[in-house]
Amino acid sequence: MTATRVLVLNSGSSSVKYQLLEMADGSRLAAGIVERIGEKQSRISHSPLASGGERRERAEEFANHEAALRAVSRELETDGYGLEDPRLAAIGHRVVHGGQAFTRPTLVDDAVLAEIERLIPLAPLHNPANLEGITTARTLNPRVPQVAVFDTAFHTTMPEHAARYALDAATADEHRVRRYGFHGTSHAYVSRKAAELLGKDPSEANVIVLHLGNGASASAVRAGRCVDTSMGLTPLEGLVMGTRSGDVDPAVVFHLVRVAGMSVDGVDELLNKRSGLMGLCGDNDMREIHRRVEEGDEAAKLAFDVYVHRLKKYIGAYCAVLGRVDAVAFTAGVGENSAPVRRAALEGMEGLGLRLDDARNEARPQGPDSGKPRLISPEGARVAVAVVPTDEELEIAQQTYALVSEEGPGARR
Ligand code: ADP
């Protein structure tokens, strides 16, 4: 029996999201999430997608990731997809930080685990949970290959002048301070899909990708390779996000510590959790902000304007970085759904060849077309503007499957 299925695991600090995909046709067999791991009210929600069965939800105390993954395994078994199933080719894990070491998806062994551990200081919230997911999955099924797919990997092609901060070089090197970038799986997938939409090979297209979810980042992709991105050492830099400030003068931190008497941890929390749209107007959901703007709410209008102004600056900067732009691609929750954000971000940029077709921008495709990439620029525009729904799970599954297919049975460790 050929092994053509991939289980994708995204292990966060208190949740595990998973999808089981059939790589023969890219279909999803099952998906679910375990939430509030480590709390009394943890729960699992599982959807048996292939059979079209009802979603199953269960509250149970999952003390740790191992308990959570055992529950995932039981749910999958109920649908006939146990982790022992010989049709399972591999488990693909999302890993947030791969530093400079990991430039591509990597088959997990003890040395790889040790390196991911060494990167914990660069991603203290994410890498420990990602590691726990991998070690638990290995315990549950030691025979199936485990593949780590890194959020940073797509950005490792950035030239040194884009990755370097203008800091004392010895200090930066000693402490590994540089631009790493995140959301790489999404930027890779969306830039490739945007090129396909234009009928081009990714190696022939220059694309600006705007991943606008709760976290948000932009990237400049030349001929399929990332040449710049807005997130930096951590996901805090760059665009205005749901609760993160994005770019600020670094001296804001000194000011808040020295003058306002805040602790470093307090400033960290302020910039990551109480800033961005939330800090500006008290809401981090763009839908709510649109509703408030309609009602004439000034704080919401300012939050929207600050968000869009930053976005416009990055689009302009990446036009300059790329020189020639073939496509601008909007993706993730805000990018895929908010016509007002797309319109405002591109307003007045005709001089750079960026134009929108209002009817296309406002259209909301339904049914099977809703998940497909679509153009929102007018026919014949110099730069194509597109909405490209992202699919990080599919990308992780494809990268995982490609790696284990390439490695052959030797991949089974
Ligand atoms: P995450 O970064 O958590 O994966 P998503 O990519 O799912 O986030 O994006 C979530 C955000 O998308 C929400 O917070 C909301 O602001 C935005 N969003 C979702 N639907 C809409 C919509 N119809 N209009 C505007 N914004 C939307």
Side-chain angles (χ1 to χ4, degrees), residues 6 8-12 17-19 21 26 28 31 92-98 102-105 123 126 130 147-158 179-197 202 205-222 224-232 234-242 244 246 286 311 314-315 318 327-338 341-342 345 370-374 385-402:
V6 173
V8 175
L9 287 181
N10 182 351
S11 308
K17 289 188 210 144
Y18 62 94
Q19 283 192 9
L21 291 98
R28 258 154 261 249
H93 298 267
R94 176 187 182 214
V95 180
V96 167
H97 217 307
F102 295 109
T103 58
R104 54 191 308 265
H126 294 104
N130 301 154
V147 175
V149 179
F150 299 91
D151 257 21
T152 45
F154 183 62
H155 304 301
T156 55
T157 54
M158 274 190 291
R179 175 182 309 288
Y180 294 100
F182 299 89
H183 293 144
T185 308
S186 178
H187 287 281
Y189 177 84
V190 170
S191 57
R192 211 175 56 238
K193 286 278 161 193
E196 279 172 20
L197 184 66
N206 291 353
V207 184
I208 297 175
V209 178
L210 306 167
H211 177 109
L212 312 176
N214 245 322
S217 64
S219 69
V221 182
R222 174 180 289 130
R225 292 161 70 88
C226 176
V227 292
D228 206 350
T229 195
S230 61
M231 284 179 167
T234 76
L236 182 55
E237 195 181 348
L239 300 176
V240 176
M241 313 184 204
R244 296 191 194 116
M286 193 56 86
L311 195 51
Y314 271 92
I315 297 169
Y318 289 169
V328 173
F330 286 88
T331 194
V334 176
E336 291 167 30
N337 295 298
S338 174
V341 164
R342 296 191 297 254
S370 64
K372 290 195 185 144
R374 63 191 176 97
V385 183
V387 172
V388 180
T390 193
D391 194 338
E392 291 166 272
E393 287 78 15
L394 179 61
E395 179 69 15
I396 292 174
Q398 283 174 341
Q399 293 193 11
T400 298
Y401 192 60

TODO: Check the angle between the aromatic planes of His211 and His183 and answer parallel, tilted or perpendicular using the 30° and 60° thresholds.
DONE: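 Parallel.
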TODO: Could you label the plane-to-plane angle of the His97 and Phe182 rings as parallel, tilted or perpendicular, counting under 30° as parallel and over 60° as perpendicular?
DONE: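 Ring orientation of His97 relative to Phe182: perpendicular.
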When rounded to the nearest 0.5 angstrom, what distance separates [atom1] in [X] from [atom2] in [Y]?
X      : Y      : atom1 : atom2 : answer
Ile208 : Phe330 : CD1   : CZ    : 9.5 Å
Tyr18  : Leu9   : OH    : CG    : 10.0 Å
Ser11  : Arg94  : OG    : CZ    : 10.0 Å
Asp151 : Met231 : CG    : CE    : 9.0 Å
Lys372 : Leu197 : NZ    : CG    : 11.5 Å
Tyr180 : Glu237 : OH    : CD    : 13.0 Å

Between [X] (side chain) and [Y] (backbone), is there a donor-acceptor pair under 3.5 Å?
X      : Y      : value
Ser230 : Ala218 : yes
Thr152 : Gly98  : yes
Ser219 : Val221 : no
Arg342 : Gly335 : yes
Arg179 : Thr229 : yes
Asn130 : His93  : no

Please examine the side chains of [Y] and [X], heavy atoms only from C-beta on, and report whether any two atoms are closer than 4.5 Å.
X      : Y      : answer
His187 : Cys226 : no
Met158 : Asp228 : yes
Thr400 : Val8   : no
Leu394 : Gln398 : yes
Glu395 : Glu392 : no

Looking at [X] and [Y], what are the two nearest heavy atoms and their distance?
X      : Y      : result
Pro202 : Arg192 : CG-CG, 3.4 Å
Gly181 : His155 : C-CD2, 3.3 Å
Val334 : Gly213 : CG2-O, 4.3 Å
Val207 : Ser191 : CG2-O, 4.1 Å
Pro389 : Gly371 : CG-O, 3.3 Å
Ala148 : Val95  : CB-CG2, 3.8 Å

TODO: Take atom CZ of Arg28 as the centre, draw a 6.0 Å sphere, and report whether it contains more than 12 heavy atoms from other residues, nucleotides or ligands.
DONE: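 Yes, the 6.0 Å shell around CZ holds more than 12 heavy atoms from other groups.
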Open item on the list: Set out, in order, the CA-CA distance, both residues' side-chain angles and the distance that settles side chain to side chain contact (heavy atoms under 4.5 Å, CB included) for Thr185 and Ile396, then state yes or no.
Closed with: CA-CA 7 Å; Thr185 308; Ile396 292 174; 3.8 Å; yes
Open item on the list: Going by side chain to side chain contact (heavy atoms under 4.5 Å, CB included), Thr331 matches just one of Thr390, Asp391, Val387, Leu212. Which one?
Closed with: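 So, applying the side chain to side chain contact (heavy atoms under 4.5 Å, CB included) to Thr331 and each of Thr390, Asp391, Val387, Leu212, only Thr390 qualifies.
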